Amino acid sequence: MNQAIEVFSPNRVISKQTVRWMVGFQLVLLFCIWFFSPTVFLPKPKEVWQALGEMWMEGLGGELITSFVLNLEAIALAAVLSLLMAYLTVIPFFRPIVTLLSKLRFLSMVGLTFFFTLMATTGHELKLYLLVFSVSVFFVTGMAEVVASIPKGEFDLARTLRMNEWRVVYEVVILGQADKAFEVLRQNAAMGWMMLTMVEGISRSEGGVGAMLLNQNKHFHLPAVFAIQLSILLLGLAQDYGIGLLRDVFCPYADLTLERK
Amino acid sequence: MVSYTYGKTLLKVDDVSLEYDGRPILKHVTAEIKDIICPDHVQGQVVGFLGPSGIGKTQLFRIIAGLNKPTSGRVTINGQDRPVQAGEVGVVAQDYPLFEHRTVMSNLLLAANQKEKDDKAARAKVVQYLTEFDLLDKASLYPVQLSGGQRQRCAIIQQILCSEHFLLMDEPFSGLDLLMLEKTSELIQKVANMDDLNTIIVVTHDITAAAAVADHLWLMGRDHDARGNPLPGSHIVETYDLIERDLCWNPRIITEPRFVDFVREVKERFRSL
């Protein structure tokens, strides 16, 4: 009874077992709402499951791999470019350039397709450029903010330890913010999946789960749409978990002060 | 009274002035710390640096640490004919900063390696300090896992490992209970007396604690005009030699009436700044 009250009280730290019970209950509740929903536009779990089987036979697995590889490539490239640009903000000359880059996040991807088409030689390259651009403008914004908000005291500590300014950058900006870089990567990698379907819709030559989703959506095959969305969600969660795991391995100090650890 | 003599000048603040947008913050600040030589034991130097809030203590603190440059004048150490550089004077800020992404051992090795060229020698020195300060079993922990006292000791060791025997401590007595205050005073004395050349400048508001731990006190303030209004630009208006007054190197000094009288005298002067 006390635990039931605790899960509804603010700022309570609850045991792992309570978390398991709570999440289990919420999943069952969600499933029940889905199963018993009177809405005709919401396909029932059984229909989605059947559609998933059919889609799998039609090559959903392969399309998921194609999309996953494309997303991974884009995230890796975007991460390298964005981190580099964000770290370069320690040099005053690059700050306006990075500020400009971060403002480009307001641009529509569709409007940029033409320019990227001119640059790309294959459909894969076009999708990659579009994704890298879309993820990078958000990634660089988040990471530049992380760099800008490092307290003066951290730089001073490095300086009092006889470090030259390049070493200060390495110690304070790169190593010192590695945990936050992983967190920004995590957020933007998720955004990559969101944009992937749009990008795969723009260039369908290679297929991919995005093209598949748009096809099903066009023909209003809602169970299939749900099945694909569910697959993307599961793959995205696995990717999110993987990045989280990397963060825990390389930055074990990151969550030591968190109340809800 | 313990016999002592003064040796060479270890640190010299030489006519330092600082201006921001034409507004004087520090004006012709001059002070020095000489090596105190006691024939029968190792004796470091501890200076208590006092002054009201907003007087410019932090600005002078940063200039002594080599973190900021003065508008004119300079700070020199060990008789060198060049201004002090960042890293030569250790700085222990109020919140005892450490690199949160490194373990205690890694934090200290980083500092030791900046001074020691040999990695093996650096490690040996770190282990020696960790043992000396009762932190050896904490070597693999991250700073966030340390208690306040452990973190304080770790931050002090890190700076001592890297600096040239100089340590600036910013408000080390702030917010401490009586027991912790005594422990911090003991720690300052311990660090100071580890080497004849060890020199600690304690920036604080706590006159009693500073007088109990220091051999000299610097009082920073401003001059006043005929109407009693403060003139812009601070400097060290008073220096107290506690050795001369036989008020230092005695752990029980704070209970003696002459110490209480001295603290009262400094407080009176402090109020007039």
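Small disclaimer: the values here were computed from a predicted structure and weren't measured. Just so it is clear: chains get the letters A, B, ... in the order the sequence lines come, proteins before strands, and each one is counted from 1.
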Taking B/Asn107 as the fixed residue, which of B/Gln158, B/Glu100, B/His101 is the one that meets the side-chain hydrogen bond (donor to acceptor under 3.5 Å, both in side chains) rule?
->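 Single side-chain hydrogen bond (donor to acceptor under 3.5 Å, both in side chains) partner of B/Asn107 among B/Gln158, B/Glu100, B/His101: B/Gln158.
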Heavy-atom cut-off 4.5 Å, strictly under: side chain, backbone, both or neither for [X] against chain A?
{"X": "B/Thr103", "value": "neither"}
{"X": "B/Leu161", "value": "neither"}
{"X": "B/Tyr142", "value": "side chain"}

Please report the shortest heavy-atom distance between B/Val16 and B/Val13, naming the atom on each side.
->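 Looks like CG2-CG1, 3.7 Å.
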Where does A/Gln177 contact chain B at under 4.5 Å (heavy atoms): side chain, backbone, both or neither?
->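 Neither part, no heavy atoms under 4.5 Å.
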Residue A/Ala158 versus chain B: region with a heavy atom under 4.5 Å =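 It is both, since atoms from each part get that close.
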Does B/Lys183 NZ have over 12 foreign heavy atoms under 6.0 Å away?
->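 For B/Lys183, atom NZ is not crowded (no more than 12 foreign heavy atoms under 6.0 Å).
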Short N-O contact, B/Glu88 and A/Arg162, less than 4.0 angstrom =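 No, B/Glu88 and A/Arg162 are not salt-bridged.
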Residue that, paired with B/His165, satisfies side-chain contact (heavy atoms from CB on, under 4.5 Å) out of B/Asn78, B/Thr199, B/Asp195, B/Asp196 |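 The single option meeting the side-chain contact (heavy atoms from CB on, under 4.5 Å) with B/His165 is B/Asp195.
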